[in-house]
Every structure is written in structure tokens, then in C-alpha cells.
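The next block holds one structure in the form of C-alpha cells; read it before the comments.
Letters go in sequence order (proteins before strands), and every chain restarts at 1. Since the structure is predicted, the reported quantities are computational estimates derived from the model, not experimental observations. The figures that follow rest on heavy atoms only: side chains count, while hydrogens, waters and symmetry mates do not.
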Number of protein chains: 2
Amino acid sequence: MSELINNSEKRKELLKHMIQELHQGKAPEAVREQLIQLMQKVPYGEVVEVEQELISEGILDEKEVLKFCDMHTEALEGQIDQSNAKEVPENHPVDVFLKENKELLKVVQLIRNEIKSLIEINATSLSDPLLKIKGWFNNLMDVDKHYRRKENLLFPYLEKLEITGPPKVMWGKHDETREFLKAALETLEHSGEISPEELPSVYELVFEPALNAVADMTMKEEEILFPMSMDKLTDSDWYDIQEQTLEIGFCLYDPPAQWEPDGIKTSSKEKVEDLNRIQMPSGSFTKSELLAILNSLPIDMTFVDKDEKVKYFSQSKERIFDRNRAILNRDVKLCHPPSSVGIVEQILEDFKSGKETNAPFWIQMGGKFIHIEYVALHDENGEFLGTLEVSQDLTEKRKLEGDQRLLSYSKNTEDE
Amino acid sequence: MSELINNSEKRKELLKHMIQELHQGKAPEAVREQLIQLMQKVPYGEVVEVEQELISEGILDEKEVLKFCDMHTEALEGQIDQSNAKEVPENHPVDVFLKENKELLKVVQLIRNEIKSLIEINATSLSDPLLKIKGWFNNLMDVDKHYRRKENLLFPYLEKLEITGPPKVMWGKHDETREFLKAALETLEHSGEISPEELPSVYELVFEPALNAVADMTMKEEEILFPMSMDKLTDSDWYDIQEQTLEIGFCLYDPPAQWEPDGIKTSSKEKVEDLNRIQMPSGSFTKSELLAILNSLPIDMTFVDKDEKVKYFSQSKERIFDRNRAILNRDVKLCHPPSSVGIVEQILEDFKSGKETNAPFWIQMGGKFIHIEYVALHDENGEFLGTLEVSQDLTEKRKLEGDQRLLSYSKNTEDE
């Protein structure tokens, strides 16, 4: 018996045998008990290897593995040995996945509790609670980004290591989960049609499959996929994954900092930029989107760099103070009338030295109220980067009274 | 005699001889008359070839050519044949250079007229007029960008064609002109020390050399450099020059449109991007400058692309409505409470269809006046690109009264 437990080959053989038994129709509970009896813990790597072998040897095809995937999960629940698993550093891509799972499970729990209590108290009016539940299902749809990061960022690394089975099986489960969530949201689109009597069956047939699929996947990830991936991928692989994470996005969770592994070569740090999008810490845009954004703001701006050269100005439709491109790369001191250039120099000096970070001015001209603000720019390390001039015509906005709320929009357009 | 005029070799020999005569000290006026007598027009290309030959054959070194450059100009004034010169298309880089020259000459004329009239009327108070003149000299400093575009964009193409002499000679003249302009500006820094009696000699010794150098160069460019360059460079070369022009900047003139030559391969259109700077039609910035700009604006923004996915939000220090990165790539409809999502959909639909381009809202909360504006974004061709949400806290700016002008700045900081 101890020989069996200490021998990886034999353990895997047994595992394979058990999965085949499940395939042949033996009840999961029986197999599970047998499993517990035979061995205390199955190292997680072996589970994956067995899955892979079953697929390569043609004993099961990927569809069949997918079909039995949930049953395996049930059979192996809590039985996978993670004692050898590497510790996950904070803000590491796997740490982010794990934190996202926590958020997902919170939402799953909220929905389950709400519906169960609705059923328990025999609620008669469902419209408000179902609107709330719809909001939570909206949140759960964020899992799509979690899955896409696995599919597009993590799985390719596993496939390079010839671990192809588990990713394919999981991808199938992702798609299933997406379908369940869509079905739940479609049902909630017509939540008015759900009567209190129907709620229990709608819950069982539509909501719970989605909730269960989301929750199950978190377990599969945490027991198999993440420990295995931590084992196989290098820090440099994970760094590349992190770099591309924002292109797909986070799920219900926003890591407070970047993971900064030691000894990652800058070459690897540089190589992953998508040249068509400008990636910022809080999102991205194409150059043509950026151009439209900068020129559609209700403000005008002019940027002077740390060497006091005019480098950029926005081209809003109605600029307050005209700018033409001849000023670009001109020394800002040469842009001002000699009579006021001393003050401009004073402001820049105060910004550079850190004495001031902001200099606001306002003037009334031709019945208009114009606000002009100079703002010192710094990078994340506090290095001075230059000065931004921001001007806006606040005449109309200063006249506004009371409230005009979002809900008034449709009424407004009807008036036209 | 007609044999001589029609024979390029002989004509060049004569030209060379004349330049050597100038070198040996014959007065320009004598040489000039001789030149006019001998031939009506010298094709501009030959002037350049002769300069080049004199340098390569070691008859003159570049310094000597530089020294005689002005004398040649004087001798050849108006005598260079441009009848074979190519026509310059509108907004072509050479067209831009020519328009800049016009602006430069206007400023030169303004300064000359002002000073001459000051001397004529024996003006007693010079402080205001000299401040005005300083502003004009500030403008003339823009010629630095005109010269840098020649030096860094045009000359390399000529050098590739082994036309090395004239660029070097011209570059020397540029540096001389820069020195003259700096001297003029330094003198004007202490304009209070210039007495009405000294004005004529300051003009002759300091201002006029700078003005003359600027004006002379426009002539050299228009009679020799530009016609020759039009002849030698391909449309593709000029296109590349145009693409890089904004990196250096224009001089006192902003072309109303891009020059769009027929048949330029997009490969050549794409190759010239400086990867470290994001180039916009009205200037450029590095990514870290852009980040500082977007996060230092007195407004918050959130960008939703044309597919209704949240793509970016700014990270100002004091955001009015918190955003976290989990919303990135989320469908905007899933970001709103189900109760108001219908209105959001209505706004997006109206923006997409072009029915509306702007939807402003405002609310008063906790004593604050918050303005929220949705703006439809379009590219230059009117294609819908998405929606921008702009929020700002206008509480303080709505309370401002009267004026606070730039000139009040130093007083403010003294108060602190």
C-alpha cells in the first residue's frame, strides 16, 4: 500500500483507471470513496498528466473529458495535493486571478442568498429585487475578461509547453459558462414576466447553472490550473502576461500595484507593446481616438515641456486663444509679449523648483468669463515634466441652476 | 560668344574663374559687371556645381567659400536662371519654406522701418518702441526651426546625392545668423541702456547684421537651394521630409493643409514615426508627458469606444466619481444600474446615429456643483469613434468674481 502511494507511476495508473470507471458509468460517490480510501492526496501535476494521457492515448476525446470534467472535479474535490505548490507573490497575475475569484464568489453568494430569501418569504413583488439581481449578473459578466486572459495570455504558454489538453477542456467550460450567463441575462431582460411561482424553477434551470459554472471554475483554477501554471511558467512569462493584462482588462478587481519581479530583463519588459494602441495605466486608445478625445474636451490646452519649449496644443473647435503650429518647439519665453514675459518666467521657475504647482487666472471679456490655469506636470517619481496651460470659457456653466439629471435626457430630446 | 553661352563647360569655367577673381580681391562690382556682360543668366545648377568643384579641387576650402558666400550672392544677385526650375506644389515642404521666408522678411521690414523712423524723428523715449522691437526679434528667432529643418531634414538628402559643399556652407551661415540674432536679443535685454544717440550705431553694428543675415539667406535659398533641391529630390523624399517637419516645427507660418502627392507608397508614409513620441497634428508628447497631462486636467474623463466598451478613464488626484480598472473592456451597459441603463443606451444611440453630439447634466450634491457632459467623438472623416464622459467640480470656479490677471501672479506669491 505505501509502495503504491509513493510510486507516481502506479498512482497515475490508478487515477486513470478511476477516471475510466467514471466514464463507464460508476457513480462519482463510489469512486470518490474509493479514491479517499486508496490515497490521501493526489499531487495536482499528476491529475493534469493523466488527463493529457487519456486524451493522447485516445481513451477519451476532449469532448468526453469535458463531459466528465465536472464529475472529476466533484470526485477530486479537496483531494488535490498543493503542498508543493509555489507561493503566489502579491499582484502576480495568479494573485490577480485569485482575488478576482473571490469577488466572483461574493457576487454568486449575493445572488443565491437573495433568491433563496425571496423564495423563503414568498415575495409577491419581484420587480425591484430582480433589477438588483440583474445588476449582479451584469457584474458576473466581467468573468469574460478573466476567461479571456486565461485563453489568450495564459493558455498559449501552456501550449508551448505541450500542455494542450487541460486548456482545451477549460476553454470549453468557459464557453459553456458564457452561454449560461447570457441565458440568465436574457431571462432577466424580461424579468417582468417571471411570477413568484415560477421563481424557484427559473432559479434552478437558468440562474443556478450559471452561478454553479462560475463557482466551479474558480475551484478548478485554484486546485489545478494555477498551481500547475505557477510550476511551469517562468517569471519572465508571467511578466509578459501582466504586461498584456490591461489590453483585456480585470474582472471586478483592480490590483493596487504592479508585480515587479527581480531580474526581469528590460528586453522582455519592452517587447509586448501593441503598436496600434497607446496603453496607459488606466486603459488605452488608438491615436485617432486620442486625437478626438483631446479635441472634444470642453477645455483648451497648451503643453510646454521641461525645457520650456511649446510641444503641443489642442485643436478644439472653438479655441478661446488661437494657436498656430508655428509656435511648436518655440521657447515659451519667445511666445509672450516682452512686457509680461517676466511673470511667465516666474511661474515656470516656481513650478520647476516645486514652490508652486498651480497658478489660476480669470478674466471677463466681451461678456465672457474665461478661466486660465497653469498646472505643473510631474511623472510618477515626482520629476518635473513641464507646464500645462488650460483655458475654458465658463460663461454658460456659471449660469446653470438647479439640477439636470441623467433621467431627464429622453424628455429633453422629445421636446426638440 | 554664343558658343560660350551655350556651352555649359565653358560657362562653368568662366564662373569658376570669376569666383577665384573675387577670392583674389577684385571688387565685387567689377566682377558683377563682367558677369552681366559675359552672359545673361547662369543656370542655378551650375553655380552649385562650381562651388562643389572649387571645394573638391582644393582651390578654396569650405571656410573660404563661406567667407566669399555673401560676395558671391551680391555678385550673382538676380542673375541665376530659374526658368528650368520645377513648379512648387502648394503645401509642399518647399512651399512652406517659401511662405516662411515671406513672414521672416515682413518682420525684418517691420524692424527696419521702426528703427529708421525712430532715428528720423529723433525719438527721445525708446523704452516702448524697443520692447516692441524685442517682440519682433523674438519672432525672428523662429528662423532657427526653419534652419534646423534644412539642416536635419533637407541636407541629409542632398548629402546622399553627394551634394555636400553647399549644405556645409549654408550651415555655417545659419550659425552665423543665430549668433547675430542672439547678440541682438542680448542687447535688447538691456534696452534701457540704449540712448537715442547710440541707436544708429547699435542698429548698424548689432541689429542690421542680424536682419541682413536673415534676409540674405532667404535669397540664397530661393535662388539656389530650393530650385536645386526641387530638381534632385523625389516626391517620396519630400514626403518623408514633410512627415518629420512637425518634429522640428514651423517658422512664423502654419500651412493650412498637408501636401498629398500622388502615388506615394504607404510604406514610405509609415516609416518615419518616432517611437518615443506620440505625434499629433498639432504637436507631440511622450507617453509619460501624456499621462501627466491627462491626469492633471481639472476634469475627469471616461472613454467608451464605438463598440460601447469602456476603454480608458483618467486618474486625476481627486476624481469625482471613482473608477477602477475592472471596468476596462466592460460593456458600458453593464456598468450602469439596470434602472438607468435605458437612458444610457438612448444617448449612445443618438450619438451613433448623429442625432445628438452632446448631452450635458449637472447636479448639486453636498454643497458641490458637479457638471457631467457626454460628448460624441468623431474622426476627421466624421466616423463615429465613441463617447467621452467629462465631469468636473465647478463649485469654486462658479464663485469667482472680477478678474485675476497674469500680472497679479508675483504679488500673490509674495503674499504667501
- From CZ (B:Phe303) to CE (A:Met280), nearest 0.5 Å: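 Taking CZ in B:Phe303 and CE in A:Met280, the distance rounds to 13.0 Å.
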- Message: Return the NZ to CZ distance between B:Lys399 and A:Arg398, rounded to the nearest 0.5 Å.
- Response: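 If I round to the nearest 0.5 Å, the distance is 12.0 Å.
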If you tally heavy-atom pairs under 4.5 Å against chain B, which of [options] wins?
options                                : value
A:Leu394, A:Ile299, A:Leu385, A:Ile347 : A:Ile347
A:Val341, A:Leu252, A:Asp144, A:Asn358 : A:Leu252
A:Met301, A:Arg148, A:Lys134, A:Gln315 : A:Gln315

If every non-hydrogen atom of [X] is compared with every non-hydrogen atom of [Y], which pair is closest and at what distance?
X        : Y        : value
B:Phe285 : A:Leu294 : CZ-CD1, 3.9 Å
A:Ser296 : B:Leu377 : OG-CD2, 3.3 Å
B:Trp362 : A:Glu401 : NE1-O, 3.0 Å

Is it the side chain or the backbone of [X] that comes within 4.5 Å of chain A heavy atoms, both, or neither?
X        : result
B:Lys132 : neither
B:Val310 : neither
B:Glu100 : neither
B:Glu103 : neither
B:Pro298 : side chain
B:Met365 : neither
B:Tyr374 : side chain
B:Phe313 : both

Under a 4.5 Å cut-off applied to non-hydrogen side-chain atoms, are [X] and [Y] in contact?
X        : Y        : answer
A:Leu297 : B:Leu388 : yes
B:Asp254 : A:Leu328 : no
A:Tyr312 : B:Ser282 : yes

Where the side chain of [X] meets the backbone of [Y], is there a donor-acceptor pair that is under 3.5 Å apart?
X        : Y        : result
B:Lys145 : A:Ala326 : yes
B:Asp142 : A:Arg330 : no
A:Lys287 : B:Gln279 : yes
A:Glu289 : B:Asp305 : no
A:Asp379 : B:Ala292 : no
B:Arg325 : A:Pro281 : yes

Between [options], which residue shows the highest count of heavy-atom pairs closer than 4.5 Å to chain A?
options                                : value
B:Asn295, B:Leu291, B:Leu334           : B:Leu334
B:His378, B:Lys309, B:Gln392           : B:Gln392
B:Ile248, B:Thr286, B:Val390, B:Ile327 : B:Ile248
B:Val375, B:Ile372, B:Val344, B:Leu290 : B:Leu290

- Message: Please evaluate residues B:Lys397 and A:Lys397 with respect to the criterion side-chain contact (heavy atoms from CB on, under 4.5 Å), reporting the C-alpha separation (whole Å), side-chain torsions for both, the decisive distance (0.1 Å), and the verdict.
- Response: CA-CA 10 Å; B:Lys397 286 182 178 135; A:Lys397 286 181 179 136; over 6 Å; no
Which atoms of [X] are under 4.5 Å from chain B, going by heavy atoms: the side chain, the backbone, both sets, or neither?
X        : answer
A:Glu373 : side chain
A:Ile293 : both
A:Leu188 : neither
A:Ile370 : neither

- Considering residues at least two apart in sequence or located in another chain, which fulfil the side chain to side chain contact (heavy atoms under 4.5 Å, CB included) criterion with B:Arg405?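 With neighbours one apart ignored, the set is A:Ile363, B:Asp403.
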- Message: Taking atom NZ as the centre, does B:Lys99 end up with more than 12 heavy-atom neighbours from other residues, nucleotides or ligands that are less than 6.0 angstrom away?
- Response: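 Yes, enclosed.
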- Message: Can you list everything that forms a ring pair (Phe, Tyr, Trp, His ring centres under 6.0 Å) with B:His371? Sequence neighbours excluded, please.
- Response: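 Per chain and number, B:His371 pairs via ring pair (Phe, Tyr, Trp, His ring centres under 6.0 Å) with no residue.
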